[in-house]
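Read the structure below first, then the notes.
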Amino acid sequence: MRWDGQTLGHERADALPGLTGPAGLIRSVSTPEFAGITFHEIAAKSALNRVPGRDGSVWGWTINPYRGCSHACVYCFARPTHQYLEFDGGADFDRQIVVKTNVADVLRTELHRASWHRDPVSLGTNTDPYQRAEGRYRLMPGIIRALADSGTPMSLLTKGTLLRRDIPELVAAAQRVPVGVALSIAIYDEALQELTEPGTPSTEARLATVAAVRAAGLDCSVFLMPVLPYLTDTREHLRSAIERVAAAGATSLLHSALFLKPGVKEWFMAWLQRTNPDLVPRYRSMYAGGAYAPTAYRSWLRDRVHPILREFGLPVGRTDPATGSLLVGHAPARRSLEQPSLF
Ligand code: SF4
């Protein structure tokens with residue numbers, strides 16, 4: 001396992017930031033409660049990761065208290081980040097979970113630096129902060145409090161219903177800073193959801209979490225992502241999805257088509273071959289040109305989704321151009337890539 005070569009405060013696309021070298025590994029733990037999963041507890045030396053936006057002209061900030069994710073979504077675009085640790089991006093990503101046990105303390109130190117400008121910070125854009133491990137480690141309350149205490153806006157995206165535990169923390173934080181909450185709910189067919197996201201809470205449970213966030217007085221968006229071509233893009237599925245999201249009280253919805261970058265594509269296609277072999281040629285053709293679905297497909301999908309959103313009175317949410325999370329506070333400033341790191 002490679003733990004070296006880490007750079008404080010700067011997230012490489014393929015790197016797992018914040019590890020301290022071999023001394024950072026405190027212990028590896030397996031328990032009957034989490035059968036098949038090993039937690040690697042580490043002392044991180046950084047919590048805030050600086051990430052460049054897709055066009056490289058903006059910076060954003062993220063925190064990943066965990067690396068790897070037991071939610072195990074077959075389409076997860078974070079899988080290749082596990083390879084930097086010399087884990088694989090397939091089963092290891094789902095079962096070998098790195099836990100930054102000191103993340104809240106390290107974060108507090110970073111947020112107190114004079115160089116911290118209180119730019120919005122996103123959680124859940126790489127791995128899920130409310131995956132099952134959070135029930136054991138309880139890292140999020142300390143993170144939320146540290147961000148709120150420092151006056152830093154925050155945005156959370158999760159599939160984890162464990163978020164409900166921290167609603168009082170989020171309500172308290174929202175009195176002081178902008179707080180964005182979003183649930184990721186892509187699949188509204190129970191059997192397909194269990195096949196594609198085997199470690200996640202059910203769609204119904206996530207919709208109930210949306211309702212609980214709204215009942216507490218906070219806005220809550222839904223990320224209907226990814227839409228899977230030929231599997232979840234029928235008018236019937238999309239209409240049912242949006243109707244249920246609206247009924248749960250969501251304040252906005254964002255959608256996008258499946259993104260298959262190298263390192264994810266192989267894992268996803270192997271799954272597709274097992275579950276829907278007849279679709280393999282069509283996916284090969286669609287994603288032959290790169291990681292994104294073809295422009296024509298994305299336009300077709302938008303034209304299908306937007307009228308349904310209007311029918312149910314759901315606005316389209318806005319994303320942070322750097323992190324892809326829900327936009328909260330101000331949009332990130334445009335910065336030169338040559339600008340030195342703040343840390
Ligand atoms: S919940 Fe998010 S981070 Fe976790 S496996 Fe699914 S897509 Fe990846």
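Quick caveat, the model's predicted, so the values are computed rather than measured. In each ligand, atom 1 is the first atom listed, and ligand 1 is the first ligand listed.
- Here Ala72 has backbone heavy atoms under 4.0 Å from ligand 1, and that is the only part of it that gets that close.
- Near Thr127, meaning under 4.0 Å from one of its heavy atoms, ligand 1 places the atoms 3 (S).
- For atom 4 (Fe) of ligand 1, the closest heavy atom belonging to the protein is Cys69 SG, 2.3 Å.
- Between His40 and Phe87, a ring centre-to-centre spacing shorter than 6.0 Å is recorded.
- For atom 8 (Fe) of ligand 1, the closest heavy atom belonging to the protein is Cys76 SG, 2.3 Å.
- The ring of Phe39 has its center closer than 6.0 angstrom to the ring center of Tyr137.
- For Cys73, the nearest N, O or S atom to atom 6 (Fe) of ligand 1 falls under 2.8 Å.
- Taking the six-membered ring where the residue is Trp, Phe259 and Tyr292 present tilted rings, their angle falling between 30° and 60°.
- Remark: ligand 1 atoms within the under-4.0 Å shell around heavy atoms of Lys159 are 1 (S), 2 (Fe), 6 (Fe), 7 (S).
- Looking at Asn126 against ligand 1, only its backbone comes within 4.0 Å, counting heavy atoms.
- Residue His71 does not count as close to atom 8 (Fe) of ligand 1, with no N, O or S atom under 2.8 Å.
- Sorted by first and then second residue, the salt bridge (charged side-chain N to carboxylate O under 4.0 Å, His left out) pairs involving residues 173-189 (not counting sequence neighbours) are Asp149-Arg176.
- Arg79 has no carboxylate O lying under 4.0 Å from a charged side-chain N of Glu266, or vice versa, which leaves the two without a salt bridge.
- For Arg244 and Tyr188, the positive end is not near the middle of the six-membered ring at less than 6.0 Å and at most 45° from its axis.
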